[in-house]
Amino acid sequence: MSLWSRITDALAALTKGEGLSAVFDKLRTPPERSVAFTIAVIALSAKMAKADGLVTRDEVAAFRQVFHIAAEDERAAARVFNMAREDVAGFEEYAARIARMFRSDDQPCGQDSVLCDLMEGLFFIATADGEYHPGEDAFLARVAEIFGMEDGAFRRMRARHVPDAPPDPYTVLGVAPDTPLEEIQAIWRAEVRATHPDRMLARGVPEEAVRLAEARLAAVNIAWEAIQSERNGAA
C-alpha cells in the first residue's frame, strides 16, 4: 500500500467531528509514523501559510520535490492541507501533539531526531521561493520551541536555509570559531551520520522524504570544507 493510500486511510479513521489534529494521537508506531510525518509536514505547512498570507508556486513545488506526489495522489495531499487550514485548532496545538507523538522524555529535538527532520522540511518549504518572511521566522521559532529544539540547533538550521546572507560555516556546524579542528571534525561526522538514509528511515521519515537530507548534507560538507580551508590557509 502506498504512502498516500495509508494517509487516506488515516483520514478516514477520524470520527465525525474530529479535526485533523486528532490524527497525531492515533499514529504512534511504525509504519504509521511515516504517515504521521508526512501529515505533520503538510499540516504545519498549511498553518505556516497563514504566517505570510500566501502559498507560492515555489513552495508547492518544493513540497512536491520532497514527497514525489504523483498526479493520482494530489487529491489526498490537498485534502490534508485544506483540513489543516480550515481546522479551528491553532498551529501550537498541532505542534504540541506532533511533539508528543515523536518525542520521548529522554530524546530532545537533536540532530538525530525525527522532529529535527520535520523542522528541516518546514524550512525547506518556507525558503523555496527565495524569501523568508518575518512571520515564517516567528512561526518556525515557536514550533521549534514546542518541539524542544535548542536555540543553537535552530540557529544552525536557519543558517543552512535562510538566504539573507552567506552562511557562516561555524554557525552551520554549531561551533565557536576557536573550537579545535578535531572537535569540529567530530561534530561534522555526527551530522553526516544523522543524515544517512538508513538512520532517517529508522526514525520514521518516509522514504519519499529522505531527500531532505541532501540539502542538509551539502550544507554541512560545505561548512566543513570552508573551515578546513581557512585553518589550512592560516597555518
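All values derive from a computational prediction rather than experimental measurement.
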In this structure, CZ of Arg160 is separated from CD of Glu191 (nearest 0.5 Å) by 6.0 Å

Starting from the C-alpha separation in whole Å, work towards a yes-or-no answer on side chain to side chain contact (heavy atoms under 4.5 Å, CB included) for Phe154 and Met119.
CA-CA 9 Å; Phe154 181 78; Met119 287 295 302; 4.2 Å; yes

Quick one: pull up CD1 in Ile39 and OG in Ser21 and give me the separation to the nearest 0.5 Å.
11.5 Å

Close side-chain approach of Leu44 to Leu118, heavy-atom, < 4.5 Å:
yes

Would you indicate whether the side-chain heavy atoms of Tyr94 and Asp87 approach each other to under 4.5 Å?
yes

With distance as the sole criterion, is a donor-acceptor pair present between the side chains of Asn82 and Arg85 under 3.5 Å?
yes

Report the distance from atom CE of Met157 to atom OG1 of Thr171, rounding to the nearest 0.5 Å.
14.5 Å

Please determine, by modelled atom types, if Thr8 and Arg79 share a side-chain donor-acceptor pair under 3.5 angstrom.
no

Distance check, rounded to the nearest 0.5 Å: Ile125 atom CD1 versus Ile42 atom CD1?
8.5 Å

Would a 4.5 Å heavy-atom cut-off, applied to side chains only, mark Leu173 and Thr179 as touching?
no

Where do Val41 and Phe124 land on the side chain to side chain contact (heavy atoms under 4.5 Å, CB included) test, with the steps shown first?
CA-CA 11 Å; Val41 174; Phe124 187 87; over 6 Å; no

If you define the side chain from C-beta out and look only at heavy atoms, does anything of Met83 sit under 4.5 Å from Leu14?
yes

Going from CG on Asp137 to CZ on Arg142, what distance comes out if it is rounded to the nearest 0.5 angstrom?
14.5 Å

Would the distance check show the side chain of Glu136 and the main-chain N or O of His133 forming a donor-acceptor pair, the cut-off being under 3.5 Å?
yes

Less than 4.5 Å apart, any side-chain heavy atom of Ser45 and any of Leu122?
yes

Which class fits the ring pair Phe91 and Phe139: parallel under 30°, tilted 30 to 60°, perpendicular over 60°?
tilted

Please report the shortest heavy-atom distance between Ala43 and Phe24, naming the atom on each side.
CB-CZ, 4.2 Å

Is there a side-chain contact between Gln185 and Pro180, using heavy atoms and a 4.5 Å cut-off?
no

Report yes or no: does Thr127 contribute a side-chain atom to a donor-acceptor pair with the main-chain N or O of Phe123 at less than 3.5 Å?
yes

Just do the side chain to side chain contact (heavy atoms under 4.5 Å, CB included) check on Glu92 and Ile146 with the steps written out, would you?
CA-CA 8 Å; Glu92 291 177 322; Ile146 294 171; 3.9 Å; yes

Where Ala22 and Arg97 come nearest, the two heavy atoms and their spacing
CA-NH1, 3.3 Å

Any donor-acceptor N/O pair, Ser229 side chain to Glu225 backbone, under 3.5 Å
no

Nearest non-hydrogen partners of Leu20 and Val80, listed with the distance
CD2-O, 3.5 Å

Find out whether Leu140 and Met48 are in side-chain contact, i.e. whether some heavy atom of one side chain is under 4.5 Å from a heavy atom of the other.
yes

Could you tell me whether the side chain of Glu18 and the main chain of Thr15 form a donor-acceptor pair under 3.5 Å?
yes

Minimum heavy-atom separation for Ala36 to Met101, with atom names?
CB-SD, 3.4 Å

Indicate the atoms forming the closest heavy-atom contact of Thr195 with Met200, along with that distance.
O-SD, 3.8 Å

With a 4.5 Å cut-off on side-chain heavy atoms, are Ile184 and Arg231 touching?
yes

Does CG in Asp151 sit with more than 12 non-hydrogen atoms of other residues, nucleotides or ligands closer than 6.0 Å?
no

When rounded to the nearest 0.5 Å, the distance separating CG of Asp117 from CZ of Phe37 is 5.5 Å

How close do Phe147 and Ala95 get, counting heavy atoms only, and between which atoms?
CE1-O, 3.4 Å

